[in-house]
Amino acid sequence: MDHTQSKVKGRHRLCDLALAFQAGVRRWAEQDVASLLLTGLAILFALLTVVSMAVIDWKGYSILPWGDMWDYWAWYLKYKDHLFTALWLQHNEHRIAVARLFFLVDQKLFHARAVFILVCIFLIQFFHALLLAWLARLANWRCKTGSVFLGAAAFLCLFSAQQYTNFTWSFQIQFVAVYFAVTAALTSVMVLARSSSQGAAWVARRRHLWLAAAIVFGIIATYSMANGLLIWPLLVVAAYWYDLPRRDKAVLVVTGAIMWALYLWGYKTPPQHSSIREGLLKLPQSFAYSMCVLGSPVDAFVSATQHAFSVGSENWRLAWNAAAGLTGLIIGVFLWVYHVHRRRSATGADIVILHLLLFTMATALLVGLGRVDFPLKEALQSRYTTPALLFWFCVLFLVSSIAANTLPGGGNSRLVTIQFSSLVVMALLIGLNQPTQIKYAEGAAKYLREVEAAISAPVYDNALWGRIYYNPKAMIPTVRYLQTQRLSVFAQERMRWLGDPLTAHYQTLGPERCTGNVDSIETLDDSELPGLRVQGWAWDLQLKKIARSIVFTSQHGRIIGFGYTGFDRPDVPAARSDVSSGETGWKGYISGLTEMTVRAFMITGKGRSACLVGTRETTRFVSVPFEQLGKVLIDVPKILPRGWAKNGFYPGSGPLPINAPVIGSWVRNDADTGTVQIGPFQSGNNDAIAIPLL
């Protein structure tokens, strides 16, 4: 009987073990495997995002300074003899001493090519994402995959192409530097608090280093952008939260007060921006602007949806962004109240992220106060997306932390739900937008290459120069300085070849290798930087490719300028069956007006072979007032080619309102072509002057 009962009990134990194992497998399958799978997808997604951002950087790269970079050069030329004192001067409402140091290094060591700065921007974002991933690991969640998932999310947010401008414009290095410095300063205070609790003598010595690190990163944040000033009250609040020694709190308070005093000493509100007082007087408008900044990560998805379904308007687009920002603000306030209420249970990493969340919220509100007079759509610029994406990452971090550490059983099932939901949202907002920015980068680089062609000549073309700076004439002294110092666009090796024989640098190929044409040569007779604008198309018949670049030579075979390729010419493949690309167009500029013959060579192969695609004669025009032309030479016949007629007008246009004969295009079979030559005239020095009208 005892033996039978023991066998029955053994079977019950085996059944219980089997049921427990089955339940454990089910829970593991439902939770841990799901979390592991989602984390793996997030890592893959993050890797693709980082790689695609590197591709966007490469395709969108331009050596050409644009926008506020010309303000930097104006600052440098004005203060180059006393740079240290000028470092702290305002640029708009910011003191960008940190950015100026990067620009100076790029100028002195890397010929102002901007590659160094763009690489630094990429690395700053990379190390910032690593720091956030490390903070997620320090959170010490029960679900280990949760912290890895958050690390991947950090890379997704910080390498989203929604921040396109901040990655591809060298001037924007302070836009990423300030947020990395703030995170690093808050993290230093956290490590300082951990060191204080250990008490060992060697740890105490390291405490001074972490306090110094917090101050240094705070200074970097302050002199990156104006919102960096907010780091000092946040550091003091964090010091009280961590219950640091009174001496450390005093050091942070005093240092912060000094930084605020130095920053505001001599500060002036820029005339193009509203003051904080003006922003407060227009609080509804400034608040709406701030909400659009916080909600800007949804803009790409909203715009794409509106375009796909042909619904909505710009006002609806702004409303959706503002609604997303307001939702985020409410969540952010709730998270702050929640953690303040349970401040004793918050981890050190949670406190860092909580203060970073407050910094991004305050930044958005400050932007709204300072931009209240700007159109609301300006809040959706890509440069403002960096703090907004960082804000939403902080929200995800803190919500996940609550789910992982406070709910029963570690909150695994709810954490999986949060991970799945956030991954879907990031796929819609970041993943779908990322590939489109690669194509956008190519178009943006082409847009800037056309300007680079004019500036590198240099030839003043008001329309093109005005693309990259609001006051193009003011760029001329800087362009001349860059040219003499061989910086920026003039640092390219080929700029040293001007005047050299073409054969000194290229091997010439026969005409059977290529085809093309010089379509037009236009004269730009600026008083300071005159020149020729040359346009055409070229195609490599053997390689079936467009030209790598264009080189212009004089009739004697010496290099006189360069052209840029890849511009749209859909008419060429439409007319030529042997041309398969619609981007065969090229444009270039030649400095001065002395050349009468221009020969255009396409550079092909590996960049060392040149093939002639066309030759064109230039016509030199002389502007002379009509009353100074002199007496008409009667014995020289006038030319009146077919297609033109005296007092002939285009049908419906009517005669011009002048009391004199007018030479106009022929009213029948009108093609607006032909030439009328008036004169020649006999001038005072017996020279015959002909005025050709084309």
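Residue indices begin at 1 and follow the sequence shown.
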Sequence neighbours left out, what passes side chain to side chain donor-acceptor pair (under 3.5 Å) with E378? Give chain and number order. Q381
With a 3.5 Å distance limit and no angle check, can you tell me whether [X] reaches the backbone of [Y] through a side-chain donor-acceptor pair?
X	Y	result
H128	I124	no
T385	Q163	no
H341	V337	no
R449	F567	no

Would you call K446 and E452 a salt bridge, taking side-chain N to carboxylate O under 4.0 Å as the test?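 Result for this pair is no, no salt bridge flagged.
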Do NZ/NE/NH1/NH2 and the carboxylate oxygens of R113 and D106 come within less than 4.0 Å? no
Applying side-chain hydrogen bond (donor to acceptor under 3.5 Å, both in side chains), run through S52 and Q434 and close with a yes or a no. CA-CA 7 Å; S52 62; Q434 205 78 3; 3.1 Å; yes
Would you please name every residue forming a ring-ring contact (aromatic ring centres under 6.0 Å, His included) with F374, sequence neighbours left out?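 Residues passing ring-ring contact (aromatic ring centres under 6.0 Å, His included) with F374: H273.
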Counterpart residues, side chain to side chain contact (heavy atoms under 4.5 Å, CB included), relative to [X] (two or more places apart):
X	value
P233	W260
Y470	none
V340	W241, W336, R343

At what distance, to the nearest 0.5 angstrom, does [atom1] of [X] lie from [atom2] of [Y]?
X	Y	atom1	atom2	answer
L365	I276	CG	CD1	11.0 Å
F110	S488	CZ	OG	15.0 Å
T49	L156	OG1	CG	4.5 Å

In terms of heavy-atom contacts, does CH2 of W70 have more than 12 from other residues, nucleotides or ligands at under 6.0 Å?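 Yes - once you tally the heavy atoms of other residues, nucleotides and ligands closer than 6.0 Å, there are more than 12.
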Does a sphere of radius 6.0 Å around CZ in F116 hold more than 12 heavy atoms from other residues, nucleotides or ligands, not counting ones at 6.0 Å or beyond? yes
Exactly one candidate in N321, V302, V293 meets side-chain contact (heavy atoms from CB on, under 4.5 Å) with L380; the answer is N321
If a pair satisfies ring pair (Phe, Tyr, Trp, His ring centres under 6.0 Å) and one of its residues is in residues 153-176, list it, with sequence neighbours excluded. W66-W169, H91-F171, F103-F171, F122-F159, F126-F155, F159-F167, Y164-Y440, W169-F171
